[in-house]
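Just the heavy atoms: all of them, side chains too, but no hydrogens, waters or symmetry mates, feed the values below. In what follows, chains are A, B, ... by sequence order, proteins preceding strands, each numbered from 1.
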Amino acid sequence: MQLTVSTWNINSVRLRIDQVGRFLKERRPDILCLQETKCPNDKLPLKDLQAFGYPFVVHMGQKGYNGVAILSRYPFSETSVMEMCGRQDARHITVTLSREAKAAAGLTIHNFYVPAGGDIPDPDLNEKFRHKLDFMAEMRSWGSRAKPTAGPAILVGDLNVAPLEHDVWSHKQLLDVVSHTPVETEALEELRQEAEWIDAMRVLRPEPEKIYSWWSYRSPDWAAADKGRRLDHIWLSKGMKDTLRSIDVTRDTRGWERPSDHAPVTVVLEL
DNA sequence: ATGTCGTGATAGTCACGA
């Protein structure tokens with residue numbers, strides 16, 4: 001069977017519920033992971049999401065900020081959340097697919113929203129940057145301790161780091177910009193390698209191809225300027241490498257009316 | 001290159017986070 005998994009920082013699921021529906025209709029993933037839902041659990045437009053063809057929905061949300069959700073055509077046997085950095089701030093949720101998912105049974109999907117980190121890339125001057133580094137350190141120790149890649153697993157999300165030189169429009173100009181500083185890119189690469197996660201995008205589309213999933217709202221002509229960053233990622237456990245068939249960024253959504261500043265990333269696996 | 005968004009607390013704008 002083929003399994004299609006998408007990840008999208010939606011920047012308010014209520015404001016853009018119609019865009020979620022349009023994307024699901026056009027791309028038809030089996031599973032969609034959302035970040036920045038920006039709503040409490042009881043305000044999630046659950047009926048709409050289910051009506052799009054996704055009866056199984058889990059959400060860890062809160063008022064105003066953050067929030068992660070997973071929509072699925074297949075049921076879950078388990079779901080849980082981690083309180084990263086001792087905070088209940090809705091930045092992680094995970095599911096394991098049940099036996100009804102057939103060849104995908106037992107597959108675990110982790111959905112993360114890593115802190116953006118503020119503007120100043122110095123943990124002594126900027127508490128938000130410190131939080132971001134602490135968060136990645138905790139992801140690394142989790143990878144070492146919990147062995148999340150021991151079985152079939154996918155880690156997706158807005159990791160808020162563009163790790164490689166060609167994950168940004170200008171490597172030199174962004175070396176001092178939060179999301180591409182060496183301390184961040186090294187931390188992300190180390191935590192990825194700690195659990196031997198595979199960066200699915202770069203397996204099929206290696207450097208030096210430029211690949212982005214985010215374009216700032218502040219760029220007036222985002223498409224022409226194309227000053228993007230690859231902040232959204234799909235990682236596979238090492239045992240799943242041979243299942244990888246395709247991966248893409250749905251850049252079109254960024255051109256929709258009142259868009260999210262992130263575009264969805266979608267992987268197709270043959271299980 | 002300090003620009004553009006979304007939410008929430010408020011009552012027309014402003015703070016905050018991104």
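- Salt-bridge annotation for A/Arg192 and A/Glu189: present, with a side-chain N of the basic residue lying under 4.0 Å from a carboxylate O of the acidic one.
- The shortest distance between the side-chain N/O atoms of A/Arg14 and the OP1/OP2 oxygens of B/dT7 is not below 4.0 Å.
- A/Asp158 places its CG atom 19 Å from the P atom of B/dC5, with the value rounded to the nearest Å.
- Taking every side-chain heavy atom of A/Arg218 into account, B/dG3 is the closest of B/dC16, B/dA1, B/dG3.
- In the set B/dG3, B/dG17, B/dT7, the nucleotide with an atom closest to the side chain of A/Ser12 is B/dT7.
- A gap of 15 Å separates the C1' atoms of B/dC16 and B/dT2, to the nearest Å.
- The gap from the P atom of B/dC14 to that of B/dA1 amounts to 26 Å, rounded to the nearest Å.
- Residues A/Tyr113 and A/Trp8 do not share a hydrophobic cluster, defined by chaining ILVMFWY side chains whose heavy atoms lie under 4.5 Å apart.
- Side-chain proximity of A/Asn66 to the nucleotides B/dA1, B/dA18, B/dG6 is greatest for B/dA18.
- Whole-Å rounding puts the A/Gln62 CD to B/dG6 P distance at 19 Å.
- Applying the side-chain hydrogen bond (donor to acceptor under 3.5 Å, both in side chains) definition to pairs two or more places apart or across chains, those involving residues 239-248 of chain A are A/Arg27-A/Asp248.
- For the C1' atom pair drawn from B/dA11 and B/dA15, the interatomic distance equals 16 Å after rounding to whole Å.
- Within 4.0 Å (heavy atoms only), A/Arg91 reaches sugar-phosphate atoms of the nucleic acid but no base atom.
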Sequence neighbours left out, cut at 3.5 Å: what donor-acceptor pairs do the side chains of residues 99-109 of chain A make with other protein atoms?
unit_1   : atom_1 : unit_2  : atom_2 : d
A/Thr108 : OG1    : A/Thr96 : OG1    : 3.0

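- Between A/Lys63 and B/dG8 there is no side-chain polar atom (N or O) within less than 4.0 angstrom of OP1 or OP2.
- The residue among A/Arg16 and A/Pro115 whose nearest nucleotide of DNA chain B lies closer to the 5′ end is A/Arg16.
- The residue A/Lys132 sits apart from the nucleic acid: no heavy atom pair falls under 4.0 Å.
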